[in-house]
There are 4 protein chains.
Amino acid sequence: MNVQSDTRRNMDKRQQILEATADLIAEQGLHSCPMAMVAKHACCGAGTIYRYFETKEELVQQLFLHLTEVMASHCMNGYDESAGVKLRFYSFWGNFYRYMLEKPRDRALMEQLSASPAISELQREEALKPMNKALTMLLTDGKQQQLIKNLPDAVLTTMTFGSLTMMAKKLQLSPQMFPQAVQPDDLLNLCWDAIKA
Amino acid sequence: MNVQSDTRRNMDKRQQILEATADLIAEQGLHSCPMAMVAKHACCGAGTIYRYFETKEELVQQLFLHLTEVMASHCMNGYDESAGVKLRFYSFWGNFYRYMLEKPRDRALMEQLSASPAISELQREEALKPMNKALTMLLTDGKQQQLIKNLPDAVLTTMTFGSLTMMAKKLQLSPQMFPQAVQPDDLLNLCWDAIKA
Amino acid sequence: MNVQSDTRRNMDKRQQILEATADLIAEQGLHSCPMAMVAKHACCGAGTIYRYFETKEELVQQLFLHLTEVMASHCMNGYDESAGVKLRFYSFWGNFYRYMLEKPRDRALMEQLSASPAISELQREEALKPMNKALTMLLTDGKQQQLIKNLPDAVLTTMTFGSLTMMAKKLQLSPQMFPQAVQPDDLLNLCWDAIKA
Amino acid sequence: MNVQSDTRRNMDKRQQILEATADLIAEQGLHSCPMAMVAKHACCGAGTIYRYFETKEELVQQLFLHLTEVMASHCMNGYDESAGVKLRFYSFWGNFYRYMLEKPRDRALMEQLSASPAISELQREEALKPMNKALTMLLTDGKQQQLIKNLPDAVLTTMTFGSLTMMAKKLQLSPQMFPQAVQPDDLLNLCWDAIKA
DNA sequence: AATGAATGAGTCTTCATTCAT
DNA sequence: AATGAATGAAGACTCATTCAT
């Protein structure tokens with residue numbers, strides 16, 4: 001077996017553990033996720049987890065990093081940096097919202113990990129930096145063209161992020177509160193109206 | 001000692017326990033909050049807690065209920081049901097946002113409990129019903145007067161709630177992201193622009 | 001129940017735990033002494049141990065302190081500070097040797113703990129200070145009267161301690177090596193001849 | 001590759017493992033010496049150790065045997081069986097004491113292993129038999145010539161061994177207890193005075 | 001023969017809950 | 001009614017040993 005496939009196998013095992021952890025945290029919460037159960041779901045012994053992650057805390061942190069990477073890549077899917085401000089806004093946040101809707105597990109995971117003391121606020125900021133790069137350019141352009149309110153990027157981003165995140169959560173956890181279908185475009189319009197100049 | 005003072009004393013003790021629990025959860029997270037420490041902070045024995053709350057889970061649920069009641073009463077502070085739609089909107093959500101800002105402990109608590117598996121989604125809905133009553137009237141009026149987008153109340157409420165909540169969180173946990181002061185009115189304008197027709 | 005008896009009860013429990021630990025370490029070695037087994041032998045739950053000792057390490061250290069106190073008090077039993085140098089020497093080390101012989105458990109315990117990394121060399125020195133006080137006076141007197149070799153106290157003490165300790169060990173663990181009875185006085189004579197001027 | 005070199009390589013590997021184990025036990029104690037760490041220090045895989053030693057227990061026993069062989073050979077270095085009793089005594093125990101002083105690792109190792117339940121008292125006796133052969137002759141001669149006290153060999157040997165061993169330990173672990181240099185000859189004189197008739 | 005990833009039994013420690021006082 | 005000592009089940013983590021490559 002060559003190095004390539006060795007790496008592959010290890011990556012697979014590591015990935016299996018991350019997936020198992022993700023499933024369990026999303027379903028039961030960060031508590032109710034003993035290492036023994038992670039091991040069972042990852043089809044490995046408990047000790048094996050510790051070959052890939054030093055402690056449970058590190059496992060959770062690595063999971064968070066992995067999650068934000070996946071999320072960022074979804075947001076940037078088909079993103080055209082040369083498109084107009086409004087189009088870019090709808091593309092980015094549309095991708096984000098659809099991802100949250102389509103992957104309830106990842107949405108729940110993000111919620112759990114965002115409130116977890118296992119992850120520091122600094123780590124959270126670092127993890128989200130890649131995502132923020134595209135947004136900063138978008139908002140700078142928008143403000144220059146006077147299409148977007150002249151407020152700090154962090155405000156515009158935080159409020160859009162907060163509203164879409166909360167919507168996705170409510171739709172998943174309390175669907176009966178929304179008897180009629182909610183169109184994603186309605187929400188994006190709402191977010192755009194919020195920040196537009 | 002008469003019944004009155006007994007009840008009083010009990011209420012005090014119960015309240016002390018709730019306060020101690022609130023402090024500990026907000027500071028350390030739901031997990032680093034053993035009953036023995038709650039007892040210590042509430043200046044009572046561990047067994048005493050169980051005279052007021054059957055289990056730790058119930059304690060947390062009661063705390064959540066208490067928290068939402070306080071929050072609702074803050075939101076309704078000086079609220080004039082006969083005022084105009086926009087004024088009512090600014091009054092309600094201004095109260096909400098200022099409460100979140102001024103009581104970081106309660107904001108952190110709300111975040112912890114909102115993500116806790118100790119509280120079911122149903123309980124969360126029930127707890128927020130009182131708050132939603134005023135909002136439903138406000139939004140109904142707004143839609144009738146064509147001041148507000150014709151979207152389900154739950155959508156309009158969720159997104160406003162989500163954006164203001166996330167803003168308060170970020171301001172408290174990552175203040176360095178906001179070098180210039182953020183005016184509450186700017187945020188309320190942003191929320192109003194989002195939902196206005 | 002008054003404070004006196006409360007203290008008593010706690011002391012009893014603490015003592016029980018120390019005794020159980022002593023028995024197990026002496027019999028099986030410092031390893032093979034899991035907290036669960038200590039608890040079983042002390043007739044208490046595993047958690048109870050942690051009300052009296054913060055960690056297993058501290059339990060072992062406290063046990064060592066206790067052991068040296070008992071040993072010191074045995075050595076000083078009937079010790080007459082105003083007696084002659086040789087008499088005092090025979091009294092002190094005779095007491096010591098008889099204690100080691102009569103309490104094989106404590107002898108084994110001392111051996112285990114003396115080699116344990118759970119106890120630092122500094123702690124060992126501190127624990128033995130009380131014993132050394134009497135010896136220092138004895139040796140100073142002896143040297144002044146030119147009854148004892150003019151070597152550092154630490155040398156005279158260490159070698160006497162070492163030889164008697166090793167003898168007690170061998171007698172207990174390899175009795176077949178000593179087909180004829182070994183008289184304690186022979187050993188004390190041997191030690192006295194070693195250090196006498 | 002022929003049998004000779006195979007054997008040679010194996011011996012080397014076996015030796016490496018023993019050395020690695022010796023270093024780790026002496027430095028950290030018998031307990032902080034996991035097989036994986038032994039393997040790392042011996043520059044081999046963990047599984048390889050099991051080609052040379054059936055279990056960890058056997059590894060430790062073999063290490064003890066090896067250690068006593070080395071110790072015995074040091075003691076017999078330049079030993080002249082035809083020399084006088086006193087000279088032989090000083091030669092043997094001088095060698096022993098210098099070895100203990102010059103190889104603190106081996107001294108620490110001997111202490112750890114002497115207290116370890118991994119090695120039975122029978123094994124300890126067996127391992128020390130070679131050393132005792134020379135001593136028996138020496139003591140027999142000494143007693144015949146009435147130079148040495150008429151006590152069992154085991155007593156005379158045990159007490160000399162115990163005092164020199166303890167001295168070497170104290171000098172290495174608590175050097176500050178001996179502000180002035182301690183001359184080995186002073187200690188040998190002391191031991192000789194102890195046993196001489 | 002050598003490797004080191006995988007295993008899971010065993011260890012220390014925490015903490016919700018009970019109950020004797 | 002109030003207390004807090006006692007409990008033991010549950011959880012994170014370690015490590016001797018095995019075995020597929």
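Chain naming here is simple, since letters A, B, ... match the order of the sequence lines and numbering starts at 1 in each.
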If the condition is side chain to side chain contact (heavy atoms under 4.5 Å, CB included), which residues does [X] pass it with, not counting sequence neighbours?
X: C:Arg124; answer: C:Phe64, C:Ile119, C:Glu121
X: C:Gln172; answer: C:Leu101, C:Pro104, C:Arg107
X: D:Glu57; answer: D:Thr55, D:Gln61, D:Ala118
X: A:Ala46; answer: A:Ala39

- Item | For DNA chain E, the residues among residues 54-62 of chain C that have a non-hydrogen atom under 4.0 Å from it | C:Thr55, C:Lys56

- Pairing residues for C:Lys56 by the salt bridge (Lys or Arg N to Asp or Glu O under 4.0 Å) criterion, not counting sequence neighbours: none

- Query: With sequence neighbours excluded, what pairs up with C:Glu126 under the salt bridge (Lys or Arg N to Asp or Glu O under 4.0 Å) test?
  - Reply: C:Lys129

- Task: Would you indicate whether C:Glu54, at its atom CD, is surrounded by more than 12 heavy atoms from other residues, nucleotides or ligands within a distance under 6.0 Å?
- Result: no

- Message: Any side-chain to backbone donor/acceptor pair from C:Gln112 onto D:Ala115? Under 3.5 Å, distance only.
- Response: yes

- Task: For D:Gly47 and for A:Ser32, find the nucleotide of DNA chain F with the closest heavy atom, then tell me which residue's nucleotide is more 5'.
- Result: A:Ser32

- Note on the structure: By nearest-nucleotide position on DNA chain F, the 5'-leaning member of B:Gly45 and A:Thr48 is B:Gly45

- Which one, F:dT7, E:dT13, F:dA12, comes nearest to the side chain of C:Met35? E:dT13

[atom1] of [X] versus [atom2] of [N]: gap in Å, rounded?
X: B:Arg14; N: F:dA2; atom1: CZ; atom2: C1'; answer: 18 Å
X: C:Asp12; N: F:dA6; atom1: CG; atom2: C1'; answer: 15 Å
X: B:Ile25; N: E:dC15; atom1: CD1; atom2: P; answer: 14 Å
X: A:Lys40; N: E:dT7; atom1: NZ; atom2: P; answer: 15 Å
X: D:Tyr50; N: F:dC19; atom1: OH; atom2: P; answer: 13 Å
X: D:Phe53; N: F:dT17; atom1: CZ; atom2: C1'; answer: 16 Å
X: C:Ile17; N: E:dT13; atom1: CD1; atom2: P; answer: 14 Å
X: B:His31; N: E:dA16; atom1: NE2; atom2: P; answer: 12 Å

- Task: Dot-bracket for DNA chain F, please, read 5' to 3', with Watson-Crick or G-U wobble pairs under 3.5 Å on both distances, ( ) within the strand, [ ] crossing, | other strand, . unpaired.
- Result: .||||||||||||||||||||

Under 3.5 Å, which donor-acceptor pairs do the side chains of residues 27-35 of chain A form with other protein atoms, sequence neighbours left out?
none

- Let me know, please, whether C:Cys33 or A:Cys43 comes out on the 5' side of the other along DNA chain E by nearest nucleotide. A:Cys43

